[in-house]
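Let me begin by presenting the structure, written as structure tokens, before commenting on it.
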2 protein chains.
Amino acid sequence: MAVSERGPRERMVFSAAQLIRRDGVTATGMRDVAAHAGAPRGSLQHYFPGGKEQLVNEAVAWAGRYAAGRVARFLAALSEPTPSGLFAEMVRQWTDEYRASGFEGGCPVAAATVDCAQSTDSTRGAAADAFARWTRPVAEALTDMGVPADRAESLATLMISALEGALLIARTERDERALTTVARELGPLLDASAQRPSQGG
Amino acid sequence: MAVSERGPRERMVFSAAQLIRRDGVTATGMRDVAAHAGAPRGSLQHYFPGGKEQLVNEAVAWAGRYAAGRVARFLAALSEPTPSGLFAEMVRQWTDEYRASGFEGGCPVAAATVDCAQSTDSTRGAAADAFARWTRPVAEALTDMGVPADRAESLATLMISALEGALLIARTERDERALTTVARELGPLLDASAQRPSQGG
DNA sequence: TCGCTACTATGACCACTGTCATAGCGGCAC
DNA sequence: GTGCCGCTATGACAGTGGTCATAGTAGCGA
């Protein structure tokens, strides 16, 4: 991922997301973002006249779109899609990263929430949008797999919640145990909900 | 809660936890902590010669003890303890707070993880300890309710993960929906695991 | 050449941070 | 009294943050 052959603007948004998910919003400086993106510092005020707030919000939005895109790709890759299979893939993306590159980063949306939900309302809204954009394809996928429509959204929220929480624990422990645990424990519940709902399962 | 008739040291640790869970670690200044605790600024360097790092770590540890204590109190209050009942109480603590005081704060341990897991290893360790101290009484309670020992810890991790993730979403949405959703969806799974494992009962 | 626009380049400003140095106070021991 | 100790009180310092002001460059149309 992270092809550097985009415009400098997009590179800065991407770099912001990377640094935010590693260090948090407040600890990430604008100068750091420019340096990480290999972009000139002067471009910051040109592309983001709204300042850091705008940059952070765009990074959060980017993360939401990215997560949604991943869901679509997971579904395309699964020959026989099941709810537990989808969730396992969502988790595996993180265990893969942690195994390959260490437990450096978490979810940028979570970082923005913890860091700005109280102080910067626009960022809180951006994070809410990101979660919504991420939840939607998950819920739709569950529906396609036979989950009743009214439960699909709830289960999607549960999946994302469990994933986000497990990410926190995994980072503190520097161990993917929490991630694999939630995947294993939640799998049967998810698959059971995909039975055709003629009678309650 | 938050009786102010403790020593100034304890008050500062408590205030640090409050501010951290609202604004994040980096955005919380030492001067803010002293002011919030009604403690003299000069006491900071007296009680916390290790500086901000020490203060943050103690705040995180305090949060872990606090969460563990709450679990014990929930169990004592439940006349007929069930896994879903315990989880519902854990969630209800947050919905109560959010309904009473707004969606200002999250979990201090989560904030410290997002903000310091990469930069400050001692704080990462403190967060890991806090999660462990919180998980233990939950797992023990599940065991007492009939959950097999090998699953109890996994389910406790799942409960805390789902709670932490739902907290993030609830804060972004300024809506307790995510919290009530995970409680509702996870309840049956938890209770089903408490059947004596030989046969369902 | 001129003018206009998109973008880059720097230096400065001010607010603020964590930390330290130093000094002051109150009380207790003796 | 003197000495010591726990604690408080400030002021300063060096570093860093986001932001702004200003100037410079490259390209293009006319």
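Below, chains carry the letters A, B, ... as their sequence lines are ordered, and counting in each starts from 1.
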Provide, to the nearest angstrom, the distance between the [atom1] atom belonging to [X] and the [atom2] atom belonging to [N].
| X | N | atom1 | atom2 | value |
| --- | --- | --- | --- | --- |
| B:Lys52 | C:dC16 | NZ | P | 15 Å |
| B:Met30 | C:dT19 | CE | C1' | 8 Å |
| B:His46 | C:dC25 | NE2 | P | 18 Å |
| A:Arg31 | C:dA12 | CZ | P | 13 Å |
| B:Phe48 | C:dC20 | CZ | P | 15 Å |

Residues 37-48 of chain B side chain polar contacts: donor-acceptor under 3.5 Å, at least two apart:
none

Query raised in the report: side-chain contact (heavy atoms from CB on, under 4.5 Å) with B:Val25: which of B:Thr123, B:Asp115, B:Thr120?
Result: B:Asp115

Query - Stretch residues 104-118 of chain A: residues that reach within less than 4.0 Å of DNA chain D through a heavy atom - result: none

Query raised in the report: Under a 4.0 Å heavy-atom cut-off, which of residues 35-45 of chain B touch DNA chain D?
Result: B:Pro40, B:Arg41, B:Gly42, B:Ser43, B:Gln45

Query raised in the report: Any side-chain donor-acceptor pair under 3.5 Å between A:Asp191 and A:Ser84?
Result: yes

Requested in this report: State, without any angle test, whether A:Arg124 and A:Ser119 hold a side-chain donor-acceptor pair at a distance under 3.5 Å.
Outcome: no

Query raised in the report: Would B:Thr157 and B:Val138 count as a side-chain contact (heavy atoms from CB on, under 4.5 Å) if you check the C-alpha gap in whole Å, the side-chain angles of each, and the deciding distance to 0.1 Å?
Result: CA-CA 9 Å; B:Thr157 298; B:Val138 174; over 6 Å; no

Sub-4.5 Å side-chain heavy-atom contact between [X] and [Y]:
| X | Y | answer |
| --- | --- | --- |
| A:Cys107 | A:Arg21 | no |
| B:Gln54 | B:Asn57 | no |
| A:Leu179 | A:Arg92 | no |

Query raised in the report: chain B on DNA chain D: first and last contacting nucleotide, 5' to 3', under 4.0 Å to a heavy atom?
Result: D:dG6 to D:dA12

Query raised in the report: Between B:Ser193 and B:Pro148, which heavy-atom pair has the shortest distance, and what is it?
Result: O-CD, 3.5 Å

Requested in this report: List for me each residue that meets ring-ring contact (aromatic ring centres under 6.0 Å, His included) alongside B:Phe103, sequence neighbours excluded, and say none if there are none.
Outcome: B:Tyr98

Report task. Using the salt bridge (charged side-chain N to carboxylate O under 4.0 Å, His left out) rule, collect all pairs that involve residues 145-172 of chain B, keeping only residues at least two apart or in two chains. Result -> A:Glu185-B:Arg151

Report task. Have a look at B:Thr26 and say if it touches a base, only the backbone sugar-phosphate, or nothing, with a 4.0 Å heavy-atom cut-off. Result -> nothing

